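Scroll down for the structure; my scribbles are underneath it.
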Amino acid sequence: MNQAEQMEMSGTGGSRRTRTVKRRVWGGLRQWKLLGMFEIDQQHEFYSLTCMMKEGLSAAVQNTIDNPIPDELSEDDYKLEVTQIHKDFRMETFAGPVFASLRRSLGMTEKEYQHSLSSEGCYLQFISNSKSKADFFLTNDKRFFLKTQNRREVRFLLSNLRIYMEHLEKFPHSLLVKFLGVHRIKIPHRRKKYFIVMQSVFYPDERIVARYDIKGCEVSRWTDPAPEGSQVIVVLKDLNFEGQFITLDHQRPWLLRQVEIDTAFLRALNVLDYSLLLAHQPLHQDERNHSLSFATLIMRTKKSFSLLSTRPMAGRHVAETYVIFAVICKITA
């Protein structure tokens, strides 16, 4: 029995304690709520589920630590399903060595991956304007996304996992979203729940001032921006970007070519829904130091460009910005 259940069964005194807890945590949650995210505390409907996710993921990654992956993946690695039994649930991990291999190729250690997924801090619920019925969660450090999926979507991903890995190996600067794990939780007397783990392209996000989800169309592609001075995180769309453009200079050929390659890959899989994520981050003084490699700043596909606007800001253009690109796709055949 968890602490929330104990409170509920303790009668009037328990109710008073529950109200006290809610008042106490509200101050800490207020910042997350302002940012469009909710901390999943003991009163949250997903608290029990995310606790199981954290416990199960910690054990799953520990299994990889205890059984290091081989240098060469085999066919069996792609078909591997590992079930670990916990007190109140079972966690199944699909193709664990394959995803561990991808994490390694991204320069990520299993220990830091495990620490982020199972830290003491609560997961965050991300409030998305997506039309899908999926639930989105963020690790407390906002480094990884967890997204619930249906069985068909998971089967589609796993059935194409080998060519996805081959694509990333052939094109190490691919802008495709990085899938880092596929899992299923089985809770007695409840439906099985599938979920995936993805690398957040907006991590770290402290200096990002604008985010865009670009699909290349104009129908229903406007989002009301957050009020000036507001801390609310709003992901803007195509029409919000109207009147702005990006000067790529000598970076233009490789970026456009990589977008063409990645979108051709998605088309070949009959993936229907994908978009280009873009973030605008002004360069800070410490990032202007030429001796500092961008690779040491942010572990993701990145380049420095100039983001210019046809509408001047205080008599001058916005210049010297840090722009992050990543194609993110919805797994839909």
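Counting begins at 1 with the first residue of the sequence. Fair warning: this is a prediction, and the values are worked out from it, not measured in the lab.
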Examine distances only and state if a side-chain atom of Asn240 and a backbone atom of Pro225 form a donor-acceptor pair shorter than 3.5 Å.
no

Please step through ring pair (Phe, Tyr, Trp, His ring centres under 6.0 Å) for the pair Phe126 and Phe137, ending with a clear verdict.
CA-CA 6 Å; Phe126 177 72; Phe137 308 119; over 10 Å; no

Quick check on side chain to side chain donor-acceptor pair (under 3.5 Å): which of His183, Arg184, Glu81 does Thr93 satisfy it with?
His183

Inspect the surroundings of CD in Glu166 and state if more than 12 heavy atoms from other residues, nucleotides or ligands are less than 6.0 Å away.
yes

Let's go through Arg257 and Glu260 carefully: what are the C-alpha distance in whole Å and the side-chain angles of both, what is the deciding distance for salt bridge (Lys or Arg N to Asp or Glu O under 4.0 Å) to 0.1 Å, and is it a yes or a no?
CA-CA 5 Å; Arg257 179 57 180 156; Glu260 291 173 353; 3.6 Å; yes

Residues Lys147 and Ala134: closest non-hydrogen pair is CE-CB, 3.7 Å

Checking the side chain of Arg151 only, and the main-chain atoms of Tyr194 only, is there a donor and an acceptor separated by less than 3.5 Å?
no

More than 12 heavy atoms of other residues, nucleotides or ligands under 6.0 Å from NE2 of His115: is that the case?
no

Around atom CZ of Arg211, are there more than 12 heavy atoms from other residues, nucleotides or ligands closer than 6.0 Å?
yes

The remaining residues in the hydrophobic cluster of Leu239, counting side-chain heavy-atom contacts under 4.5 Å among Ile, Leu, Val, Met, Phe, Trp and Tyr, are Trp222

In Å and rounded to the nearest 0.5 Å, what is the CG to NE2 distance from Leu124 to His44?
9.5 Å

Honestly, is Lys237 close enough over Tyr212, meaning NZ or CZ under 6.0 Å from the six-membered ring centre and within 45° of the axis?
no

Inspect the surroundings of CZ in Arg90 and state if more than 12 heavy atoms from other residues, nucleotides or ligands are less than 6.0 Å away.
no

Evaluation steps, salt bridge (Lys or Arg N to Asp or Glu O under 4.0 Å), between Glu110 and Arg104:
CA-CA 8 Å; Glu110 292 300 280; Arg104 182 173 63 186; over 6 Å; no

Please check if the side chain of Ser58 supplies one atom and the backbone of Glu55 the other of a donor-acceptor pair under 3.5 Å.
no

Using 30° and 60° as the class boundaries, would you call the ring planes of Phe265 and Tyr164 parallel, tilted or perpendicular?
tilted

Side chain proximity check, Leu49 to Ile185, heavy atoms < 4.5 angstrom
yes

If you define the side chain from C-beta out and look only at heavy atoms, does anything of Phe156 sit under 4.5 Å from Leu269?
yes

Write down the atom of Tyr78, the atom of Ala95, and the distance for their closest heavy-atom approach.
O-CB, 3.7 Å

From CD (Gln125) to CG (Asp41), nearest 0.5 Å:
11.0 Å

Pair Gln258-His173, side-chain hydrogen bond (donor to acceptor under 3.5 Å, both in side chains): steps then yes or no
CA-CA 8 Å; Gln258 192 59 59; His173 297 296; over 6 Å; no

Begin with the C-alpha distance, continue with both residues' side-chain angles, and end with the deciding distance and a verdict on side chain to side chain contact (heavy atoms under 4.5 Å, CB included) for Lys111 and Gln62.
CA-CA 8 Å; Lys111 278 294 186 182; Gln62 188 61 47; 4.0 Å; yes

Evaluate the side chain to side chain contact (heavy atoms under 4.5 Å, CB included) criterion for residues Tyr123 and Lys54: first the C-alpha distance (whole Å), next the side-chain angles of each, then the deciding distance (0.1 Å), finally the verdict.
CA-CA 9 Å; Tyr123 280 0; Lys54 291 170 67 172; 3.3 Å; yes

Relative to the ring of Phe171, is the ring of His167 parallel (under 30°), tilted (30 to 60°) or perpendicular (over 60°)?
tilted

Do Asp141 and Thr139 pass the side-chain hydrogen bond (donor to acceptor under 3.5 Å, both in side chains) test, and can you show the C-alpha distance, the side-chain angles, and the key distance before you say yes or no?
CA-CA 5 Å; Asp141 60 6; Thr139 53; 2.7 Å; yes

Beyond-backbone contact of Gln281 with Asp205, side-chain heavy atoms, under 4.5 angstrom:
no

Note, Ser118 side chain near Gln114 side chain (heavy atom, < 4.5 Å):
yes

Using a 4.5 Å cut-off on heavy atoms from C-beta on, say whether the side chain of Ile187 contacts that of Asp88.
no

Can you find a pair of side-chain heavy atoms, one from Val82 and one from Asn63, that are under 4.5 Å apart?
yes

Could you grab the distance from atom CG of Asp213 to atom OG of Ser275, nearest 0.5 Å is fine?
3.5 Å

Contact between Glu39 and Asn140 at the side-chain level, heavy atoms closer than 4.5 Å - yes or no?
yes

Looking only at non-hydrogen atoms, find the nearest pair between Pro97 and Leu73 and report the distance.
O-CD2, 3.8 Å

Does the Tyr113 side chain pair with the main chain of Ala100, one donor and one acceptor, at a distance under 3.5 Å?
no

When you measure from the side chain of Asp262 to the backbone of Leu175, do you find a donor-acceptor pair of N or O atoms at a distance under 3.5 Å?
yes

Tell me if a side-chain donor or acceptor on Thr50 pairs with a main-chain N or O of Met53 at a distance below 3.5 Å.
no

Checking the side chain of Lys215 only, and the main-chain atoms of Asp238 only, is there a donor and an acceptor separated by less than 3.5 Å?
no

Flag side-chain contact, heavy atom, 4.5 Å: Lys79 against Phe94:
no

Please step through ring pair (Phe, Tyr, Trp, His ring centres under 6.0 Å) for the pair His86 and Phe89, ending with a clear verdict.
CA-CA 5 Å; His86 300 264; Phe89 67 98; 4.5 Å; yes

Judged by atom type as modelled, is there a donor-acceptor pair below 3.5 Å linking the side chain of Gln84 to the main-chain atoms of Ala60?
yes

